[in-house]
Amino acid sequence: MEYATKSRCESVLKDINLTLEAGRVHLLMGPSGSGKTTLLSILGGILTPTAGEVDLLGCCITRLTPAQRSQFRLQNLGFVFQGFNLFPALTAAENIEVVLNLLAIDGDRAQARAIELLDLVGIAHKANSLPEDLSGGQKQRVAIARALAHQPKLILADEPTAALDRDSGATVIQLLQQLAEQAGATVLIVTHDPRLQSAAHRVIDLEDGQLR
Ligand SMILES: Nc1ncnc2c1ncn2[C@@H]1O[C@H](COP(=O)(O)OP(=O)(O)OP(=O)(O)O)[C@@H](O)[C@H]1O
């Protein structure tokens, strides 16, 4: 993968050959600038690599048109980001319902499913709270519940514990671990936090754009 700017072209990822396993939590670790977010974005179909191919769930996403790729993402992938990316004016439940609406699940069905998802992450009692009234760990759980709305087979998380204290971070990782094991989802987490290593089935090290 290369990034071209006005003044130069930077090669960021080289010779990446990576296979992720269903039902497993993978940590992607490495120094700042080593290319972790770039790799996550390529795997999630947000960035198209300048060379090479990405096969996800039997589909070569690098050969899809941008519209087909968006549809594929919507149906199969769940993203969790460190900043939570919640809509501040919507309650915890409504933040999930908007995603369900995109999947053509509306009204009472969407409400019931949102509560079910919040229950799964242990905060159904906060369904009517606005993000500003939730702790960091609770916001991250809403973000995870939202990422799970369509039962994705691949969950990509970029520094999901960076904004959390130690205990909330551990709970969030346990939750992702349970999802991998119970729902058979593939989980890939970008992190700098070595404490998460014990929760992972596999640690992938990236250095200077190459797998170690
Ligand atoms: N949109 C972009 N345009 C040009 N260069 C970029 C762009 N995004 C990232 N880079 C460069 O690519 C390299 C890898 O960046 P990336 O964000 O993938 O690293 P990272 O390992 O996730 O870093 P960090 O741990 O600090 O978040 C860096 O040198 C960065 O400056």
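When a ligand or atom number is given, it counts from 1 through the structure's own listing order. Values in this document were obtained by computation on a predicted structure and should not be read as measured data.
The residue from Val98, Ile96, Val142 that alone fulfils the side-chain contact (heavy atoms from CB on, under 4.5 Å) condition with Leu90 is Val98.
Of all atoms in ligand 1, listed by their number and element, those nearer than 4.0 Å to a heavy atom of Lys36 are 18 (O), 19 (O), 20 (P), 21 (O), 22 (O), 23 (O), 24 (P), 25 (O). Those atoms of ligand 1 with a heavy atom of His192 less than 4.0 angstrom away are 25 (O). Less than 4.0 angstrom separates some heavy atom of Ser34 from each of these atoms of ligand 1: 19 (O), 21 (O). Listed by atom number, the atoms of ligand 1 under 4.0 Å from Thr38 heavy atoms are 15 (O), 16 (P), 18 (O). Counting atoms of ligand 1 from 1 in the listed order, those under 4.0 Å from a heavy atom of Pro31 are 21 (O). Listed by atom number, the atoms of ligand 1 under 4.0 Å from Glu10 heavy atoms are 11 (C), 29 (O).
With no hydrogens or angles considered, no side-chain donor-acceptor pair links Gln174 and Thr171 at under 3.5 Å. With hydrogens and angles left out, the side-chain atoms of Tyr3 and Thr50 include no donor and acceptor closer than 3.5 Å. When only modelled atom types and interatomic distance are considered, Asp158 and Thr37 share a side-chain donor-acceptor pair under 3.5 Å. A donor-acceptor contact closer than 3.5 angstrom links the side chains of His192 and Glu159.
Considering only non-hydrogen protein atoms, atom 1 (N) of ligand 1 sits nearest to Tyr3 CE2, 3.8 Å. From the protein, the heavy atom lying nearest to atom 19 (O) of ligand 1 is Gly35 N, 3.3 Å. Protein heavy atom nearest atom 17 (O) of ligand 1, with residue, atom name and distance: Thr37 CB, 3.8 Å. Protein heavy atom nearest atom 14 (C) of ligand 1, with residue, atom name and distance: Gly33 O, 3.4 Å.
When non-hydrogen atoms are compared, ligand 1 lies under 4.0 Å from neither the backbone nor the side chain of Glu159.
Gly209 approaches Leu206 most closely through the heavy-atom pair C-CD1, 3.9 Å.
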Evaluate the criterion side chain to side chain contact (heavy atoms under 4.5 Å, CB included) for residue pair Gln111 and Glu97; output intermediate values, then yes/no.
-> CA-CA 6 Å; Gln111 267 178 16; Glu97 286 171 37; 3.4 Å; yes
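Among Ala162, Ser32, Gly30, the residue whose heavy atom sits closest to atom 24 (P) of ligand 1 is Ser32.
The salt bridge (Lys or Arg N to Asp or Glu O under 4.0 Å) contacts involving residues 112-130 comprise Arg113-Glu116, where partners must be two or more places apart or lie in separate chains. Among residues at least two apart or in separate chains, salt bridge (Lys or Arg N to Asp or Glu O under 4.0 Å) pairs with a member in residues 43-72 are Glu53-Arg63.
The shortest N or O to N or O distance between Val12 and ligand 1 is not under 3.5 Å.
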